[in-house]
Amino acid sequence: MGDIDDRGGVVSGESRALELDRFGRDLLDGFQRDLPLTPRPFAEIADRLGVAEDDVLDGLRRLTEAGAVSRVGAVVAPHSVGWSTLAAMAVPAERLEDVAASVSAIPEVNHNYQREHRFNLWFVVTGCDRDHVAAVLDGIEARSGCQVLDLPLLESYHIDLGFDLRWN
């Protein structure tokens with residue numbers, strides 16, 4: 001992470017406080033929800049903000065590099081397109097880093113994280129259907145030698161991950 005200029009804000013101090021100008025704030029506040037569903041969504045955002053499309057792309061790139069934005073993209077309701085499952089493994093501590101790297105290298109794994117629990121490696125697997133996801137889990141189990149706990153979605157809940165930001 002580094003400093004970013006006045007088109008995206010500035011990261012400053014040990015606390016990693018992020019100071020943003022009006023443009024950076026508008027990018028973060030105005031488009032957490034309802035990303036324009038058009039062939040060129042960043043051009044539409046630029047039109048709304050009165051700037052060039054490249055300014056929007058540069059601003060989002062800088063905010064991403066500063067850690068203020070982790071992802072720009074659509075969120076699709078579970079199982080409306082393809083299939084996914086949450087999975088967990090109890091990996092011996094001395095193998096955790098290697099197994100985690102191996103799991104993260106699989107294209108169907110969209111995130112992977114460590115937890116302080118007997119099941120210390122958790123990840124989400126996505127695929128075109130339930131059979132594909134099951135095959136990926138079987139492959140992970142075979143390669144790692146660790147049993148994979150498959151925790152498929154039983155009921156979905158909508159959690160709005162957009163946050164109304166407060167500026168000082």
Side-chain angles (χ1 to χ4, degrees), residues 8 18 20 23-49 51-91 96 99-166:
L18 184 63
L20 298 174
F23 178 69
R25 292 176 182 189
D26 287 346
L27 280 175
L28 290 177
D29 273 343
F31 302 96
Q32 290 186 56
R33 301 172 186 90
D34 303 321
L35 185 73
L37 295 177
T38 68
R40 295 184 59 200
F42 303 111
E44 185 168 325
I45 291 171
D47 285 345
R48 292 183 195 175
L49 296 177
V51 298
E53 183 179 16
D54 285 343
D55 292 335
V56 170
L57 294 170
D58 288 344
L60 289 172
R61 185 176 309 110
R62 290 180 185 129
L63 289 167
T64 301
E65 289 170 1
V69 172
S70 61
R71 176 179 172 274
V72 176
V75 176
V76 179
H79 303 161
S80 61
V81 177
W83 192 266
S84 65
T85 194
L86 177 65
M89 299 168 66
V91 180
L96 183 61
V99 173
S102 172
V103 168
S104 291
I106 298 169
E108 289 89 347
V109 173
N110 65 14
H111 66 277
N112 173 6
Y113 54 97
Q114 179 183 0
R115 295 187 75 180
E116 293 181 18
H117 187 270
R118 183 171 74 83
F119 289 98
N120 54 357
L121 184 63
W122 291 71
F123 50 95
V124 172
V125 175
T126 59
C128 59
D129 57 30
R130 178 74 180 128
D131 290 342
H132 182 91
V133 169
V136 171
L137 295 176
D138 289 347
I140 291 170
E141 193 169 284
R143 281 189 299 280
S144 69
C146 299
Q147 186 175 8
V148 174
L149 180 63
D150 182 5
L151 300 164
L153 176 71
L154 299 178
E155 185 172 346
S156 66
Y157 298 91
H158 175 76
I159 299 172
D160 183 355
L161 297 177
F163 298 95
D164 293 324
L165 302 174
R166 295 175 189 224

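When a residue number appears, it is its place in the shown sequence, counting from 1. Keep in mind it's a predicted model, so treat the numbers as computed, not measured.
- Heavy-atom neighbours of Asp34 CG from other residues, nucleotides or ligands within 6.0 Å: at or below the threshold of 12.
- Residues forming a salt bridge (Lys or Arg N to Asp or Glu O under 4.0 Å) with Glu44 (at least two apart in sequence, or on another chain): Arg48.
- For Asp131, there are no salt bridge (Lys or Arg N to Asp or Glu O under 4.0 Å) partners two or more places apart in sequence or in a different chain.
- Not counting sequence neighbours, the partners of Glu53 by the salt bridge (Lys or Arg N to Asp or Glu O under 4.0 Å) test are Arg40.
- The salt bridge (Lys or Arg N to Asp or Glu O under 4.0 Å) search around Arg71 returns none, not counting sequence neighbours.
- Within the structure, the side-chain hydrogen bond (donor to acceptor under 3.5 Å, both in side chains) test picks out the following pairs touching residues 106-123 (sequence neighbours left out): Ser104-Asn112, Glu108-His132.
- With sequence neighbours left out, Asp29 forms a side-chain contact (heavy atoms from CB on, under 4.5 Å) with Gln32, Leu165, Trp167.
- Residues satisfying the side-chain contact (heavy atoms from CB on, under 4.5 Å) test with Ser70, not counting sequence neighbours, are none.
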| Leu27 vs Arg62, side-chain contact (heavy atoms from CB on, under 4.5 Å): CA-CA, chis, key distance, verdict | CA-CA 11 Å; Leu27 280 175; Arg62 290 180 185 129; over 6 Å; no
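- Residues passing the ring pair (Phe, Tyr, Trp, His ring centres under 6.0 Å) test with His158, sequence neighbours excluded: none.
- Taking all atoms of both residues into account, the shortest heavy-atom contact from Leu153 to Pro78 is CD2-CB, 3.5 Å.
- In this structure, Cys146 and Met89 approach most closely via the heavy-atom pair CB-CE, 3.4 Å.
- Residue pairs satisfying the side-chain hydrogen bond (donor to acceptor under 3.5 Å, both in side chains) criterion with at least one member in residues 82-91, sequence neighbours excluded, are listed as follows: Thr85-Asp150.
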